[in-house]
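Below is one structure, written out as structure tokens, with a few remarks after it.
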Number of protein chains: 2
Amino acid sequence: MTRGAAQQTAHHTHNHKVCIEDALTTARDLCAERGVQLTPLREKVLQIVWRSHKPVGAYEVLDELARSHKSARPPTVYRALDFLMAEGLIHKIQSLNAYLGCVEAGAPHSGLFLICRKCGATEEIADPKLDAALDQASKRARFRSERRVVEISGLCAQCAA
Amino acid sequence: MTRGAAQQTAHHTHNHKVCIEDALTTARDLCAERGVQLTPLREKVLQIVWRSHKPVGAYEVLDELARSHKSARPPTVYRALDFLMAEGLIHKIQSLNAYLGCVEAGAPHSGLFLICRKCGATEEIADPKLDAALDQASKRARFRSERRVVEISGLCAQCAA
DNA sequence: GAAGCTGATGCTACACTATAACAAAGGCCC
DNA sequence: GGGCCTTTGTTATAGTGTAGCATCAGCTTC
């Protein structure tokens, strides 16, 4: 169900079909457990988001969705994306206005995203030290933290080389 | 020139004129040092952004600017905002598409923003432990970090009470 | 099985955010 | 004065996201 650390990274070369299948299976299981509906439309959107490890814009999703789903309109896509985010199946990358499949759906987590500005590949990382630093900083400011956005742009290992 | 820690926080009550004056003075000095032009237009935009400790949208800036500057249009505002960001005088809050005066202009830093979802007040915090955690995480992933976005939404001390 | 409810989708229009592209104006240098 | 650079003016348009109401399918209750 969960993948090993090596497969969670945004490699330039890997068998991506496995990523997609894993994500869909996890999503179906989670939604079933929670009693929420992963409808064909929502599943299709999830699949589209998972076509790569690059964040994908809502209107890119729409273009792709429209190929198989003539009636697709902006609200169609945004509603599906909102559902998937609410269920923790995808994340929104705020600095790109784009959406990315979550590699650890189900596990409570607030990721750190490493976004390559050259190839677009984006890796989600969980980091206890980061969580601790953020919790500590919030606490010091007597701030009640609810939602986190932590994104780093730069060059991935491959593109920096 | 730099303010004490107490005055950097997004208090609900404080003499905000001091904040604005400090920010403008710092901006003028910095731009003079760097040989870049803090034109009246840019200064006015900076002043508008500094009207509060809440992030302000570009079109809010435009509305305000237009009161004294009839020819103001979207590009007028975005160009000024881009300049101010490039000089490190303001920050963009990505999760709100809004802009906020930088409390520590000039000092190299990558802040953590605590954004109150109720009152909107947003506090910028510098945190060495956070920086360390981010650097370490980037390094582990062999990622060359360039730009950071760290934003936490929630409730500030006053609004949580 | 009709009435009513709920959640999901269809559909039109619109609001909000941001940029492209080119023109004009002003300062500076030679 | 001519050429160059930076800033601002101006029009148009691209990109991102939501409001609001209609419809439809499944489910329940009587």
Side-chain angles (χ1 to χ4, degrees), chain A residues 27-28 31-32 34-49 54-87 89-100 120 147 149 151, chain B residues 27-28 31-32 34-49 54-87 89-100 120 149 151 153:
Chain A
R28 285 187 206 108
C31 290
R34 294 173 183 170
V36 296
Q37 304 178 49
L38 185 64
T39 61
L41 178 62
R42 289 165 173 173
E43 188 169 322
K44 180 73 184 171
V45 168
L46 181 58
Q47 205 175 61
I48 291 169
V49 171
K54 305 176 190 183
V56 54
Y59 280 70
E60 283 179 74
V61 173
L62 176 54
D63 289 344
E64 188 58 32
L65 180 63
R67 300 161 74 93
S68 64
H69 195 98
K70 292 290 210 175
S71 68
R73 296 283 181 281
T76 316
V77 168
Y78 280 103
R79 284 192 290 229
L81 292 172
D82 286 348
F83 170 84
L84 296 170
M85 279 194 288
E87 297 303 324
L89 300 171
I90 64 174
H91 294 289
K92 179 171 186 182
I93 304 300
Q94 295 290 344
S95 53
L96 297 177
N97 292 321
Y99 304 83
L100 182 69
R147 215 168 54 91
V149 174
E151 299 170 6
Chain B
R28 285 186 207 109
C31 289
R34 294 173 182 169
V36 297
Q37 305 178 50
L38 186 64
T39 61
L41 178 63
R42 290 164 172 173
E43 186 170 323
K44 179 74 184 173
V45 168
L46 180 59
Q47 204 175 60
I48 291 169
V49 170
K54 305 177 188 180
V56 53
Y59 280 70
E60 285 179 73
V61 173
L62 176 55
D63 289 345
E64 188 58 33
L65 181 62
R67 300 161 75 93
S68 64
H69 194 97
K70 292 291 210 175
S71 69
R73 297 284 181 278
T76 317
V77 168
Y78 280 102
R79 285 192 287 229
L81 292 172
D82 287 346
F83 170 85
L84 296 170
M85 280 194 288
E87 297 303 324
L89 300 171
I90 64 174
H91 294 290
K92 179 171 185 182
I93 304 299
Q94 294 290 346
S95 54
L96 298 177
N97 292 321
Y99 303 81
L100 182 69
V149 175
E151 299 169 7
S153 300

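In what follows, chains are A, B, ... by sequence order, proteins preceding strands, each numbered from 1. FYI, side chains are in, hydrogens and waters are out, and symmetry mates aren't considered; it's all heavy atoms of this structure. Note that the structure is predicted; figures quoted are calculated from it, not measured.
Picking from dT7(D), dT9(C), dG7(C) the nucleotide with the shortest atom distance to the side chain of Leu41(A) gives dT9(C). The side chain of Arg73(B) sits closest to dT11(D) out of dT11(D), dT12(C), dG10(C).
The CZ atom of Phe83(A) sits 7 Å away from the P atom of dA8(C) (whole-angstrom rounding). The distance from atom CG of Leu62(A) to atom P of dA14(D) is 16 Å, rounded to the nearest whole Å. Following rounding to the nearest Å, Leu65(A) (CG) and dA8(C) (P) show an atom-to-atom distance of 17 Å. Following rounding to the nearest Å, His69(B) (NE2) and dT7(D) (P) show an atom-to-atom distance of 15 Å. Regarding Lys44(B), its NZ atom lies at a distance of 15 Å from the P atom of dT8(D), rounded to whole Å. The CZ atom of Arg34(A) sits 18 Å away from the P atom of dG7(C) (whole-angstrom rounding).
Pairing each heavy atom of Leu89(B) with each of Leu46(B), the nearest pair is O-CD1, 4.2 Å. Pairing each heavy atom of Val77(A) with each of Ala58(A), the nearest pair is CG1-O, 3.5 Å.
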(Q) Return a single string for nucleotides 16-30 of chain C, one symbol per nucleotide in 5' to 3' order, where B is base contact, S is sugar-phosphate-only contact and - is none, cutoff 4.0 angstrom on heavy atoms. (A) -BBBBB---------
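Between Ser71(B) and dG9(D) there is a side-chain polar atom (N or O) within less than 4.0 angstrom of OP1 or OP2. A close approach under 4.0 Å does occur between a side-chain nitrogen or oxygen of Thr39(A) and OP1 or OP2 of dT9(C). Put simply, Gln37(B) has no side-chain N or O that comes within less than 4.0 Å of OP1 or OP2 on dT6(D).
Between Asn97(A) and Lys92(A) the shortest side-chain heavy-atom distance falls below 4.5 Å. Residues Val149(B) and Gln94(A) form no side-chain contact, since every pair of their non-hydrogen atoms from C-beta on lies 4.5 Å or further apart. By the 4.5 Å heavy-atom criterion applied to side chains, Arg147(A) and Ser95(B) are counted as neighbours. Under the 4.5 Å side-chain criterion, counting only non-hydrogen atoms from C-beta, Phe83(A) is in contact with Val36(A).
Atom-to-atom distance recorded for Leu38(B):CG and Glu87(B):CD is 9.0 Å, nearest 0.5 angstrom.
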